[in-house]
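Structure, as structure tokens:
No experiment lies behind these values; they were computed from the predicted model shown. Labels below follow one simple rule: chain letters A, B, ... track the order of the sequence lines, proteins then strands, and each chain is numbered from 1.
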2 protein chains.
Amino acid sequence: MASPDAAAVPERGSVGPSPAQARVITAALDLFARHGVGATSLGMIATELGVTKAAVYRQYKSRDEIVLAAAETELARLEAVVAAAELEPSREQARDRLLEGMVDLCVGGRRRVSTILSDPVVDGFFVEHDQFRDVMRRLRRIMVGEGAGPEGRVTSAMVIAATSGAVTHPFVQGLDDEVLRAQLLSLARRFLGLPT
Amino acid sequence: MASPDAAAVPERGSVGPSPAQARVITAALDLFARHGVGATSLGMIATELGVTKAAVYRQYKSRDEIVLAAAETELARLEAVVAAAELEPSREQARDRLLEGMVDLCVGGRRRVSTILSDPVVDGFFVEHDQFRDVMRRLRRIMVGEGAGPEGRVTSAMVIAATSGAVTHPFVQGLDDEVLRAQLLSLARRFLGLPT
DNA sequence: GTCTATAGTGCGATAGAC
DNA sequence: GTCTATCGCACTATAGAC
């Protein structure tokens with residue numbers, strides 16, 4: 001265990017990206033959202049950061065590692081939302097908190113979330129990714145409960161897809177962020193049969 | 001105008017892909033769904049078809065044209081669904097028909113629809129694409145009516161995203177197609193406030 | 001409509017100096 | 001941690017024979 005004082009200095013080490021890695025991830029996620037995952041090269045990331053490719057390779061051994069780390073960063077954001085929801089005293093409050101967090105994530109990230117979530121390569125990473133499965137299981141538990149069958153599975157999949165996918169649709173282009181947020185939240189609640 | 005008999009031979013010409021082009025599009029859409037749009041090269045399409053790259057270039061002048069033509073093919077499928085719905089006598093029946101067609105498209109296409117729909121490059125094509133805008137406008141009109149404000153815009157965007165995005169989610173992996181189809185339809189109807 | 005061959009470019013990745 | 005320089009390869013696209 002670390003000494004009490006060590007908690008002040010953000011303790012990472014084996015887990016979590018270094019500041020330099022975080023800058024790579026941020027640039028990567030931005031480019032993914034603009035060009036798609038598969039169309040974003042390591043050189044583009046380097047240019048975005050104002051450095052050369054070799055400097056990027058100092059942070060990650062391969063392009064695939066960058067894609068994985070970027071996806072895991074987005075997953076960590078979702079995990080934080082789920083974890084916060086789990087701290088709520090009641091199921092109802094947990095569900096409310098979860099929906100708010102998800103909507104904020106998607107509206108704030110605009111294209112970021114949906115691009116990551118719908119990329120086939122990222123999906124390949126996630127299919128056997130323990131943390132991803134865990135977060136998704138916990139998310140579904142809050143959203144539709146423990147013993148939900150096919151209906152619960154499809155319902156939760158639709159809410160996730162609807163929230164992340166709707167924010168990129170032309171229909172909502174030009175809509176104020178606050179309006180979009182409120183509508184997404186209200187409609188997601190209605191979808192789950194909750195009082196509005 | 002063509003002679004009456006010419007109607008037997010499928011008349012295309014200025015519009016719609018030739019049979020050879022259609023094979024390219026089919027291969028492209030399949031590869032897009034497996035690897036993503038940006039990660040699919042012209043060489044991969046050629047290999048999938050069992051020909052060389054030069055043969056593919058005979059059908060389309062550039063890779064971008066293939067992406068565009070593939071996206072337009074998917075759009076045409078949606079347009080057919082919208083057009084069929086518009087022929088229904090009542091608004092209620094039109095909406096039912098639309099939802100059924102959309103669900104069938106997404107379940108049948110699995111990853112195809114969501115990958116195309118969420119790719120940033122494709123989205124760039126579609127933003128100023130007249131037919132795309134027209135189809136979307138007609139779709140929304142059927143789904144939420146003519147004078148729907150922000151709520152209608154967000155609602156329709158969410159239904160589209162939910163339907164196309166949910167079918168690729170791990171939650172529904174292993175679910176029977178018929179069960180998935182029925183659940184998607186029933187839940188989309190509930191989302192729109194329709195009787196189930 | 002298919003092929004081979006080729007041009008030119010950009011890619012992922014590494015070596016080694018500073 | 002950044003650079004320059006480089007390797008080998010795959011990519012888009014074209015030319016020209018069959």
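With sequence neighbours left out, the ring-ring contact (aromatic ring centres under 6.0 Å, His included) criterion links A:Phe132 to A:Phe126. Remark: A:Phe32 pairs with no residue by the ring-ring contact (aromatic ring centres under 6.0 Å, His included) rule, at least two apart or across chains.
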Taking only N/O atoms, report every protein-nucleotides 10-12 of chain C pair under 3.5 Å with atom names and distance.
residue : atom : partner : partner atom : Å
C:dC11  : OP1  : A:Ser41 : OG           : 2.9
C:dG12  : OP1  : A:Leu42 : N            : 3.4
C:dG12  : OP1  : A:Arg63 : NE           : 3.2
C:dG12  : OP2  : A:Leu42 : N            : 2.9
C:dG12  : N7   : A:Lys53 : NZ           : 3.0

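Interface limits on DNA chain D: the 5'-most and 3'-most nucleotides within less than 4.0 Å of chain A heavy atoms are D:dG1 to D:dT4.
Identified under the salt bridge (Lys or Arg N to Asp or Glu O under 4.0 Å) test for residues 55-67 of chain A, with sequence neighbours left out: none.
Taking the charged nitrogens against the carboxylate oxygens, B:Glu100 and B:Arg97 have no contact shorter than 4.0 Å, which rules out a salt bridge. For A:Asp177 and A:Arg110, the salt-bridge test passes: some basic side-chain N is under 4.0 Å from an acidic carboxylate O. A salt bridge between B:Glu79 and B:Arg138 is present, with a side-chain N of the basic residue lying under 4.0 Å from a carboxylate O of the acidic one. Salt bridge status for A:Asp134 with A:Arg137: present, with a side-chain N to carboxylate O gap under 4.0 Å.
More than 12 heavy atoms of other shown residues, nucleotides or ligands fall within 6.0 angstrom of atom CZ in A:Arg77.
Exactly one residue among B:Ile142, B:Thr163, B:Val159, B:Leu184 makes a side chain to side chain contact (heavy atoms under 4.5 Å, CB included) with B:Leu99. That residue is B:Val159.
Smallest separation of non-hydrogen atoms from A:Phe191 and B:Arg190: O-NH2, 2.7 Å.
Within residues 64-73 of chain B, no residue is approached by DNA chain D to less than 4.0 Å at the level of any non-hydrogen atom.
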